[in-house]
Amino acid sequence: MKKLFLSVIAVFGVYSFSNAQVGKIQKISLGTDFALPLGDSGDTYSFGYGASAKGEFKLMEKLNLTASAGYMHFSLKKDIRDLLKYFGDDTKGSGAIPLKVGATYYFLQKLYVGAEAGAAISTDEEGGTAFTYTPTVGTNIRISEKYGLDIGLRFEGWSRNGINQNFIGLRTAFAFKP
């Protein structure tokens with residue numbers, strides 16, 4: 001509960017700070033997320049999917065602060081699902097709500113690199129909260145003065161009690177300037 005509270009405070013803190021002292025909202029994006037689990041996660045989960053919202057707030061010419069929230073669901077591999085079903089256990093997979101803050105640096109106008117950190121709050125019973133970190137590379141393709149497509153490729157890691165869940169993620173989003 002303490003981590004959830006701190007995560008929510010961090011997201012609202014970045015939003016308030018950026019609006020009051022740093023600058024205006026640069027863009028808001030709403031998108032879909034797809035994940036390919038790696039390592040031990042890849043032994044358990046076949047794929048992940050979800051949705052997210054992200055705000056970017058101007059800090060400097062090419063540097064924006066970011067705040068994001070979303071939902072990710074990971075589907076169990078068939079053999080794991082069959083084994084759990086045999087023992088009468090839940091086979092729905094695993095879900096989490098990632099809350100992250102960070103920064104995005106734009107170079108070559110359309111390309112960017114970014115990094116975020118925060119908390120991934122499990123939606124599973126007794127799932128807990130994991131520390132999450134995310135380096136990203138991506139592009140913003142303008143459709144018009146106010147609208148664009150944001151496509152980002154990332155490595156994301158979730159760490160809790162010495163257990164790591166890692167994946168390669170792809171986010172495709174519709175972005176707009178408010």
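In this chain, residues are counted from 1 in sequence order.
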Give a yes or no on whether a salt bridge exists between [X] and [Y], defined as a side-chain N under 4.0 angstrom from a carboxylate O.
X: E61; Y: K58; answer: no
X: D43; Y: K77; answer: no
X: E56; Y: K24; answer: no
X: D89; Y: K85; answer: no

Taking side chain as C-beta onward, heavy atoms only, is [X] less than 4.5 Å from [Y]?
X: S46; Y: L76; answer: no
X: Y105; Y: L63; answer: yes
X: P98; Y: M72; answer: yes
X: T123; Y: I97; answer: yes
X: I168; Y: L153; answer: yes

Would a line drawn from the ring center of F155 to the ring center of F167 be shorter than 6.0 Å?
->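 Ring centres of F167 and F155 not closer than 6.0 Å.
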
So, Y133 versus W158, ring centres under 6.0 angstrom or not?
->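 They do not qualify: ring centres at least 6.0 Å apart.
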
Closest approach of E156 to R154 (non-hydrogen atoms, all atoms of both residues) =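 Looking at all heavy atoms of both residues, the closest pair is OE1-NE, 2.6 Å.
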
Between T44 and I80, which heavy-atom pair has the shortest distance, and what is it?
->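 Of all heavy-atom pairs spanning T44 and I80, the closest is O-CG1, 4.0 Å.
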
How about [X] and [Y]: does a side-chain donor come under 3.5 Å of a side-chain acceptor?
X: N64; Y: Y112; result: no
X: S41; Y: N166; result: no
X: T172; Y: T32; result: yes
X: R171; Y: T136; result: no
X: S52; Y: D33; result: yes

Just do the side chain to side chain donor-acceptor pair (under 3.5 Å) check on D150 and S29 with the steps written out, would you?
-> CA-CA 7 Å; D150 190 84; S29 61; 5.1 Å; no

With rounding to the nearest 0.5 angstrom, report the [atom1] to [atom2] distance, [X] to [Y].
X: F131; Y: N161; atom1: CZ; atom2: CG; value: 14.0 Å
X: L170; Y: F34; atom1: CG; atom2: CZ; value: 7.0 Å
X: K110; Y: R142; atom1: NZ; atom2: CZ; value: 9.0 Å

Donor-acceptor pair, side chain of T134 and main chain of A115, under 3.5 angstrom =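 Between the backbone of A115 and the side chain of T134 there is no qualifying donor-acceptor contact (under 3.5 Å).
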
So, R160 side chain and G127 main chain: donor-acceptor pair closer than 3.5 Å or not?
->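 A pair under 3.5 Å: yes.
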
Do the side chains of [X] and [Y] join up, straight or via other hydrophobic residues, at under 4.5 Å, putting them in one cluster?
X: L99; Y: Y71; value: yes
X: L59; Y: L111; value: yes
X: I25; Y: F174; value: yes

Please write out which residues are connected to F87 in a hydrophobic cluster, directly or through intermediates, given that two of Ile, Leu, Val, Met, Phe, Trp, Tyr count as joined at side-chain heavy-atom separations below 4.5 angstrom.
->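 Result for F87 is L83, Y86.
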
Verdict with supporting geometry, Q165 and F74, side-chain contact (heavy atoms from CB on, under 4.5 Å) | CA-CA 11 Å; Q165 182 174 345; F74 290 91; 3.5 Å; yes

Check the pair E116 / V101 against side-chain contact (heavy atoms from CB on, under 4.5 Å), numbers first and verdict last.
-> CA-CA 5 Å; E116 289 186 307; V101 295; 5.9 Å; no

Which residues share a side chain to side chain donor-acceptor pair (under 3.5 Å) with Y45, sequence neighbours left out =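 Residues passing side chain to side chain donor-acceptor pair (under 3.5 Å) with Y45: none at all.
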
Who passes salt bridge (charged side-chain N to carboxylate O under 4.0 Å, His left out) against [X], sequence neighbours left out?
X: D79; answer: none
X: K92; answer: D90, D124
X: D40; answer: none
X: R81; answer: none

Does the pair T66 and K54 meet the rule for a side-chain contact (heavy atoms from CB on, under 4.5 Å), with working shown?
-> CA-CA 7 Å; T66 62; K54 185 178 201 175; 4.0 Å; yes

List the steps and the verdict of side-chain contact (heavy atoms from CB on, under 4.5 Å) for N140 and I151.
-> CA-CA 6 Å; N140 189 25; I151 302 169; over 6 Å; no

